[in-house]
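Encoded as structure tokens, the structure appears first; notes follow it.
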Amino acid sequence: MARPFEVTTVESKWQARWLDEGTYEVDNDDPRERFYALCMYPYPSGTAHQGHIRNYTFGDLLVRYQTMLGKAVLSPFGFDSFGLPAENAAIKAGSHPRLFTDARMKELKSSVRRLGAVYDWRREVYSHDPNYMKWAQTIFLAFWRAGLAYRAEAPVNWCPGCATVLANEQVNADGTCDRSGDLVERRNLEQWFFKITDYAEELLNDIDTLEWPERVKTMQRNWIGRSEGVEFDLPFAHQPDKALRVFTTRPDTGFGVTYAVVAPEHPLLAELTTNDERRQVNQLVERAVSASELERTASSDAGAGLEKRGAFTGSFVINPFTKAQVPVYVADYVLGTYGTGAIMAVPAEDERDFAFASVHGLPVVRTTEPPEGFEGGAYSGEGAHINSGFLDGLDVATAKLKAAEYLAEHANGVTKVNYRLRDWLVSRQRFWGCPIPMVYCDDDGLVPVPEDQLPVVAPDDVTMDKSGQSPLATHEGFRNTTCPVCGKPARREADTMDTFTDSSWYFLRYADPFTPGKAFDPVEAAKWMPVDQYIGGIEHAILHLLYARFYLKALVDVGIAPGLPREPFKRLFTQGMIRLAGSKMSKSKGNLIAPEKYYETVGADGLRLFHLFVGPPADDVDWTAQTEEVIEGCARFIDRFYRLAEYDEVNFHESFDDSDLAVRQALHRTIARVTEGFERWSYNTAVAAMMELLNTVSKWARSEHGAERTTLDEAIDTMLKLLAPMAPHITAEMWEQRHAAEPSVHLQSWPVADPELVKEETITMVIQINGKVRARLEVPVATSEADAERLALENEIIQTALEGATVKRVVARPPRLVNIIV
RNA sequence: GGGGGCGUAGCCCAAUUGGCAGAGGCAAGGCGCUUAAACCGCCUCCAGUGAGGGUUCGAGUCCCUCCGCCCCUACCA
């Protein structure tokens, strides 16, 4: 494509200048109104892919736009540089993850630079920077001191492929590893946890205060999974002073309890199991405990439809409502990690219990009257209580209260809130992560590494393999140390932290990486926090966003971030993903379209314009055969604008007339449209408005009558400003050509539309008869209802059309429309 | 099984949130420029909004049912 300017020359010139002049560096004491724009901390996987490009295009537009609005805009960048891919790649290549990672970082940095995205590089953060690790470890220790970090044995998700423990969030629904795809196993291991459950209630409640996409908020609420119910005792039939404690959200269905179930991990299971049943029970437990999540949970389709495996324990408990003895089963559909690990089973009102009861031939007693014609198994809806003694006739809500009261009196019942959310497992048996700064001493037990000895940095000469042990555990030089308390030989913790810990506070470090001796100064960070606009992918809707929210709350509470707002991200925007032939474009799928080739042809500006124009930013983008042509179309638009701004083939006339006024009106209406488009994430319509304006101006200026000089100048200059956040290079270049003595277009103020010019004087009013358009006429915008009706009825075409008909009603909606009903 | 989203021209998308279905782009066709082609400029063509029903003077927009595609979630008692 022949272009009227040298794309690469122009673009690299401005990229260098923005960097050299520190155009987008901001100081913490900047007096302007503040704006914190942030794109999600990227994992450095190499050169940018289209998903990155899309992300940073939106982010950069915002940075430049908000700057032109007169704000001090914080625009930082950095790298989520710890993590498995680098470690695995290093193992494969026999090199060190740092070499690998540093190279990938360099590539990504160069990609975003070539995109023309601008940052305050003085604030760069990367996770494997010892200077960042130091504070990551300081935070860990602060959590430990506050009781928010603890060590416990737990059945954990073990990925044999990655040779490490995974968080629940990293296990797919089908029981495979989110990263490697291997089938995840369950193992009991000592692990480090963060007590995120302490914050469950606050994390849930504060969701209401966030300007986030509704679906992300819903996902977080579901993940936290709060449920209210009653915990109470089911006394053992053979030994009534002991009891099985259960949790239920439906105490009102207590009369329908026909059996009870304990999880395979339940501590009382052995005691409950009679000799006759022991063999069967053991068999089930063995299978359930060692089986992978996949085998245990997801089989064919879904939840309630699963095969319900279980075995009778041989024991009975007493239903406190009916005093009847009901059998106790062990079954893997009851989870040891939720509630009390045991349930009362009500097959009539719970689908899972119903399924189990059907398989095992257990009785079903309805306690809620299902609606007439109900044909399903379990009915969990609203209805009057039946077969329920003192609860009979009550609705569900009332019966719940009564039943809870009854259980409080007769079965040690207490109302209880449970959460689906579990504590965050943060330890990893891997090398390429931030070491957990703890020491094991035979005499003093667990001892934190003194803060003046931080950071604990892993040595380079480590053997990384897939044995399953932390690579650091076998490095004697690292492992052996002395106890900070007693000075005797001791061993270092060999596990590293989940990389989600790194991305949970990096945005605070960005806000103030300058104050020595601190992760960040809370007063300085408070100048920027919370992030005004966070931009990233929907894939982080749960994990990263929940952890970061937890971190900030905890940091405030442990005294590291006093005075900061408790929520990190005020507004969140989740961009759509790029798909190629129907599937998500990603490195792991190997279906990337690299942006590099576009830098040579359409330039970064052309590519940016494409991403802005292709559709609503929140929608997915289909990368199709036609995409190339659309991208070229975007470059064509830039070229057309460039030629027009050279006044190529333009005619001029002397004094300002109506044609010039019309252009000024179009210009100012476009200012309004583009501004509105920017404010409501409608970049595609903002670009369309610019294209439309270019068509209008071009037609006018190249007509025989031509343009009035100052009007054309105003139009071009304003268009340059409007386009500056979208296509920053060429607008900077053109602005410099026109106004060499003035500051850059990027330092100009964002244009403000003149309301007088935006305002329409007259508008076409449509006259309908029975909803069909019959006539149109130009009316003043301020036309009253009465006038509109009169004008419509007086209209000749309408009068003819109405001949012989009776007007039943006239709906006048001036100035747009009048509808005459006959 | 649960939750959410989407469906407008051959294609990507607009539509002041209930008021003339079309802003923009791509493709296609035509004309001009050119020795010719590309580039460039100008012009033209194209749907009644997935299907059906309802509310309304009026529905792409609100409400039901169905179809298709996509995403999230999954035995949490």
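A note on names: the letters A, B, ... follow the listed sequences, proteins ahead of strands, and every chain is numbered from 1.
Considering only side-chain atoms of Pro616(A), the nucleotide from A74(B), C13(B), C75(B) that sits closest is C13(B). With distances taken from any side-chain atom of Met577(A) to the nucleotides C71(B), U73(B), A77(B), the minimum falls on C71(B). Checking C12(B), G24(B), C75(B) against every side-chain atom of Asp332(A), the shortest atom distance belongs to C75(B). The side chain of Met691(A) has G24(B) as its nearest neighbour among C40(B), G24(B), C13(B).
One interatomic measurement links the two molecules: CH2 of Trp700(A) to C1' of G41(B), which rounds to 19 Å at whole-angstrom precision. In this structure, CD of Gln220(A) is placed 12 Å from P of U73(B), rounded to the nearest angstrom. Rounded to whole Å, the distance from CG on Asn651(A) to C1' on G41(B) is 14 Å. Between Asn222(A) atom CG and G1(B) atom C1' there is a gap of 14 Å when expressed in whole angstrom units. The separation between Trp223(A) atom CH2 and C72(B) atom C1' is 11 Å, rounded to whole Å. One can place CD of Glu214(A) at 11 Å from P of G4(B), the figure rounded to the nearest angstrom. One interatomic measurement links the two molecules: CZ of Phe613(A) to P of C11(B), which rounds to 17 Å at whole-angstrom precision. For the pair Glu676(A) CD and A23(B) P, the computed distance is 18 Å after rounding to whole Å.
One finds a side-chain N or O of Ser227(A) lying less than 4.0 angstrom from the OP1 or OP2 phosphate oxygen of A77(B). Between C72(B) and Lys217(A), no contact under 4.0 Å exists linking OP1 or OP2 to a side-chain N or O. Applying the 4.0 Å criterion to OP1 and OP2 of C26(B), one finds that Arg636(A) has a side-chain N or O inside that range. Contact annotation: Asn695(A) reaches the phosphate of G25(B) (side-chain N/O to OP1 or OP2, under 4.0 Å). Between Arg640(A) and C40(B) there is no side-chain polar atom (N or O) within less than 4.0 angstrom of OP1 or OP2.
Residues Gln50(A) and His611(A) bring a donor and an acceptor atom of their side chains to less than 3.5 Å of each other. When only modelled atom types and interatomic distance are considered, Asp353(A) and Tyr333(A) share a side-chain donor-acceptor pair under 3.5 Å. Tyr598(A) and Glu628(A) form a side-chain donor-acceptor contact under 3.5 Å, judged by distance and modelled atom types alone. In this structure, a donor-acceptor pair under 3.5 Å is present between the side chains of Glu778(A) and Thr764(A). There is a side-chain donor-acceptor pair under 3.5 Å between Glu349(A) and Thr367(A).
Spacing between U16(B) and C72(B) at atom C1', rounded to whole Å, works out to 33 Å. A21(B) and U49(B) have their C1' atoms separated by 8 Å, with the value rounded to a whole Å. Separation of the P atoms belonging to A15(B) and G24(B) is 14 Å when rounded to the nearest angstrom. As rounded to the nearest Å, C33(B) and G52(B) have P atoms that lie 50 Å from one another. U8(B) and C46(B): their C1' atoms are spaced 13 Å apart (whole Å). Taking atom C1' in both C64(B) and U55(B), one finds a spacing of 11 Å when rounded to whole Å. On the C1' atoms, A36(B) is 25 Å away from U44(B), given to the nearest whole Å. Taking the C1' atom of each, U17(B) and C71(B) are spaced 25 Å apart, rounded to whole Å.
For His668(A), there are no ring pair (Phe, Tyr, Trp, His ring centres under 6.0 Å) partners, not counting sequence neighbours. Residues passing the side chain to side chain donor-acceptor pair (under 3.5 Å) test with Asn418(A), sequence neighbours excluded: none. When the side chain to side chain donor-acceptor pair (under 3.5 Å) test is applied to Thr218(A), no partner is found at least two apart in sequence or on another chain. For Glu6(A), there are no salt bridge (charged side-chain N to carboxylate O under 4.0 Å, His left out) partners at least two apart in sequence or on another chain. Checked against side chain to side chain donor-acceptor pair (under 3.5 Å), Lys759(A) has no partners two or more places apart in sequence or in another chain. Shown here are the side chain to side chain donor-acceptor pair (under 3.5 Å) partners of Arg221(A), two or more places apart in sequence or in another chain: Asp208(A).
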Distances for protein N/O vs nucleotides 57-62 of chain B N/O pairs under 3.5 angstrom?
from: C57(B); atom 1: OP1; to: Arg809(A); atom 2: NH1; distance (Å): 3.0
from: C57(B); atom 1: O2'; to: Asn819(A); atom 2: ND2; distance (Å): 3.3
from: C57(B); atom 1: O2; to: Asn819(A); atom 2: ND2; distance (Å): 2.7

When you compare the protein's N or O atoms with those of nucleotides 6-10 of chain B, which come within less than 3.5 Å of each other, and at what distance?
from: G10(B); atom 1: N2; to: Gln626(A); atom 2: NE2; distance (Å): 3.1

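Residue pairs meeting the salt bridge (Lys or Arg N to Asp or Glu O under 4.0 Å) criterion with at least one partner in residues 248-263 of chain A, sequence neighbours excluded, are Arg250(A)-Asp252(A). Listed by first then second residue, pairs satisfying salt bridge (Lys or Arg N to Asp or Glu O under 4.0 Å) with a partner in residues 686-702 of chain A read Arg673(A)-Glu692(A), not counting sequence neighbours.
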> How does protein contact run along nucleotides 28-34 of chain B, one letter per nucleotide 5' to 3', with B for base contact, S for sugar-phosphate only, - for none, heavy atoms under 4.0 Å?
Replying inline: -------
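Checked for salt-bridge contact, Arg636(A) and Asp639(A) miss the test: no charged N lies under 4.0 Å from a carboxylate O.
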> Can Asn695(A) and Arg640(A) be said to form a side-chain hydrogen bond (donor to acceptor under 3.5 Å, both in side chains), step by step?
Replying inline: CA-CA 9 Å; Asn695(A) 290 343; Arg640(A) 291 181 60 209; 3.0 Å; yes
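With hydrogens and angles disregarded, a donor-acceptor distance shorter than 3.5 Å links the side chain of Asp620(A) to the backbone of Met577(A).
Classification of U17(B) as syn follows from a glycosidic angle within 90° of 0. Taking the O4'-C1'-N9-C4 or O4'-C1'-N1-C2 dihedral as appropriate, G48(B) has a value within 90° of 0 and is therefore syn.
Residue Lys808(A) is classed as having no contact, given no heavy-atom separation below 4.0 Å to the nucleic acid. When heavy atoms are screened at a 4.0 angstrom cut-off, Gly225(A) is found touching no nucleic acid atom at all. Backbone-only engagement by Arg680(A) is indicated by non-hydrogen atom pairs under 4.0 Å involving sugar-phosphate atoms exclusively.
Consecutive Watson-Crick or G-U pairing (both distances under 3.5 Å) extending over three or more pairs maps onto RNA chain B as B:1-7 with B:67-73, B:10-12 with B:24-26, B:28-32 with B:40-44, B:50-54 with B:62-66.
Where Cys634(A) and Met765(A) each meet RNA chain B at their nearest nucleotide, the meeting point lying more 5' is that of Met765(A). Map Val630(A) and Arg816(A) each onto its nearest nucleotide of RNA chain B; the residue landing nearer the 5' end is Arg816(A).
Other residues, nucleotides and ligands place no more than 12 heavy atoms under 6.0 Å from the CZ atom of Arg215(A).
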